[in-house]
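Before any comments, here is the structure.
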Amino acid sequence: MPAQYILDVHDVARSIPRGRVTTYGAIASFLTLGSARMVGWAMNKCMPGEDVPAHRVLNRKGELSGRNAFPTPTTMQERLEEEGISVTDDKVDNFKDLFWDPIELLP
DNA sequence: GAGGTGACGGCGG
DNA sequence: GCCGCCGCCACCT
């Protein structure tokens with residue numbers, strides 16, 4: 001049985017709006033995990049069937065740092081472009097405007 | 001039990 | 001803005 005914080009990370013990832021992206025650090029701060037590495041590790045532990053949009057989670061520079069964990073290294077970019085997000089050289093274009101902070105979930 | 005690793009980030013130079 | 005150092009913490013030799 002997965003630990004609770006892993007499920008929390010996946011839950012936040014699922015609530016990322018379509019066509020928007022966020023960062024490991026933003027999720028780590030929102031869940032007060034104390035380390036962004038935990039978010040990356042938790043995403044790597046996402047099971048098939050949980051339907052976690054891990055492709056919307058990037059590092060602080062807007063790079064697709066986790067693309068190697070997908071079935072093929074191009075899967076992450078393809079799924080982003082499918083949502084209308086353009087990717088160039090493993091980086092999201094207009095990252096600053098597409099960034100979505102999980103804090104917006106709170107009222 | 002000890003040391004290294006990693007889908008990372010903040011801070012100083 | 002780029003580069004390097006250090007902190008972070010669960011996991012894996």
Side-chain angles (χ1 to χ4, degrees):
Chain A
M1 192 61 180
Q4 184 62 41
Y5 55 84
I6 294 181
L7 300 179
D8 289 340
V9 171
H10 295 176
D11 195 52
V12 173
R14 272 192 295 270
S15 54
I16 301 173
R18 180 183 177 83
R20 302 291 299 279
V21 295
T22 191
T23 68
Y24 302 96
I27 297 175
S29 176
F30 178 71
L31 296 176
T32 60
L33 292 180
S35 175
R37 289 184 183 271
M38 298 295 86
V39 179
W41 174 80
M43 294 310 296
N44 195 28
K45 286 297 179 189
C46 69
M47 309 295 182
E50 278 192 289
D51 195 32
V52 180
H55 57 280
R56 295 176 188 158
V57 185
L58 315 170
N59 67 5
R60 66 172 166 183
K61 295 179 276 188
E63 296 172 337
L64 282 57
S65 52
R67 69 186 186 293
N68 292 325
F70 285 79
T72 71
T74 59
T75 304
M76 193 171 182
Q77 175 170 347
E78 289 173 4
R79 298 193 76 171
L80 285 171
E81 290 179 336
E82 205 170 333
E83 300 182 358
I85 301 174
S86 61
V87 178
T88 303
D89 193 30
D90 295 330
K91 286 177 301 226
V92 169
D93 293 340
N94 205 15
F95 168 66
K96 191 174 180 179
D97 287 335
L98 295 177
F99 175 74
W100 174 84
D101 197 320
I103 201 70
E104 295 181 17
L105 289 173
L106 300 177

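Numbered from 1 within each chain, the chains take letters A, B, ... in sequence-line order.
- Considering every non-hydrogen atom in both A:D51 and A:R14, the closest pair reads O-CG, 3.6 Å.
- Hydrophobic cluster of A:L7: no remaining members, since no ILVMFWY side chain lies below 4.5 Å from it.
- A donor-acceptor pair under 3.5 Å is absent between the side-chain atoms of A:R79 and the main chain of A:P53, judged by distance alone.
- Its side chain within the 4.5 Å cluster rule, A:W100 clusters with A:Y5, A:I6, A:V9, A:V12, A:I16, A:Y24, A:I27, A:F30, A:L31, A:L33, A:M38, A:V39, A:W41, A:M43, A:V52, A:V57, A:I103, A:L105, A:L106 among the Ile, Leu, Val, Met, Phe, Trp and Tyr residues.
- Across the protein-nucleic acid pair, A:E63 atom CD and B:dG9 atom C1' stand 13 Å apart, rounded to whole Å.
- In DNA chain C, stems built from 3 or more consecutive Watson-Crick or G-U wobble pairs, each with both distances under 3.5 Å, span B:2-6 with C:9-13, B:8-13 with C:2-7.
- The CG atom of A:D89 lies 8.5 Å from the CD atom of A:E63; values are rounded to the nearest 0.5 Å.
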Report, one pair per line, the protein and nucleotides 9-11 of chain C atoms (nitrogen or oxygen only) whose separation is under 3.5 Å.
none

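- In this structure, A:H55 contributes its side chain and A:L64 its backbone to no donor-acceptor pair below 3.5 Å.
- The minimum heavy-atom distance linking A:L98 with A:R20 is given by the pair O-NE, 2.9 Å.
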Hey, what are the protein-to-nucleotides 10-13 of chain B N/O distances that come in under 3.5 Å?
from, atom 1, to, atom 2, distance (Å)
B:dG10, N7, A:R60, NH1, 2.3
B:dG10, N7, A:R60, NH2, 3.4
B:dG10, O6, A:R60, NH2, 3.3

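- Here A:A54 lies in heavy-atom contact (under 4.0 Å) with a base.
- One distance of note links CG of A:D101 with OG1 of A:T23; it measures 7.5 Å at 0.5 Å rounding.
- The minimum heavy-atom distance linking A:E82 with A:R18 is given by the pair O-NH2, 3.5 Å.
- Atom CZ in A:F95 sits about 16 Å away from atom C1' in C:dG1, given to the nearest Å.
- Using a 4.0 Å heavy-atom distance criterion, A:N44 is classed as a base contact.
- Nearest heavy atom pair, residue A:N68 against residue A:P73, reads OD1-CB, 4.3 Å.
- To the nearest 0.5 angstrom, A:S15 atom OG is 12.5 Å from A:H10 atom NE2.
- Of the residues in residues 16-30 of chain A, A:T23, A:Y24, A:G25 come within less than 4.0 Å of DNA chain B through at least one heavy atom, sorted by number.
- Listed here is the closest heavy atom pair of A:A28 and A:A36: CB-CA, 3.8 Å.
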Step-by-step side-chain contact (heavy atoms from CB on, under 4.5 Å) determination, A:V21 to A:E83
CA-CA 11 Å; A:V21 295; A:E83 300 182 358; over 6 Å; no
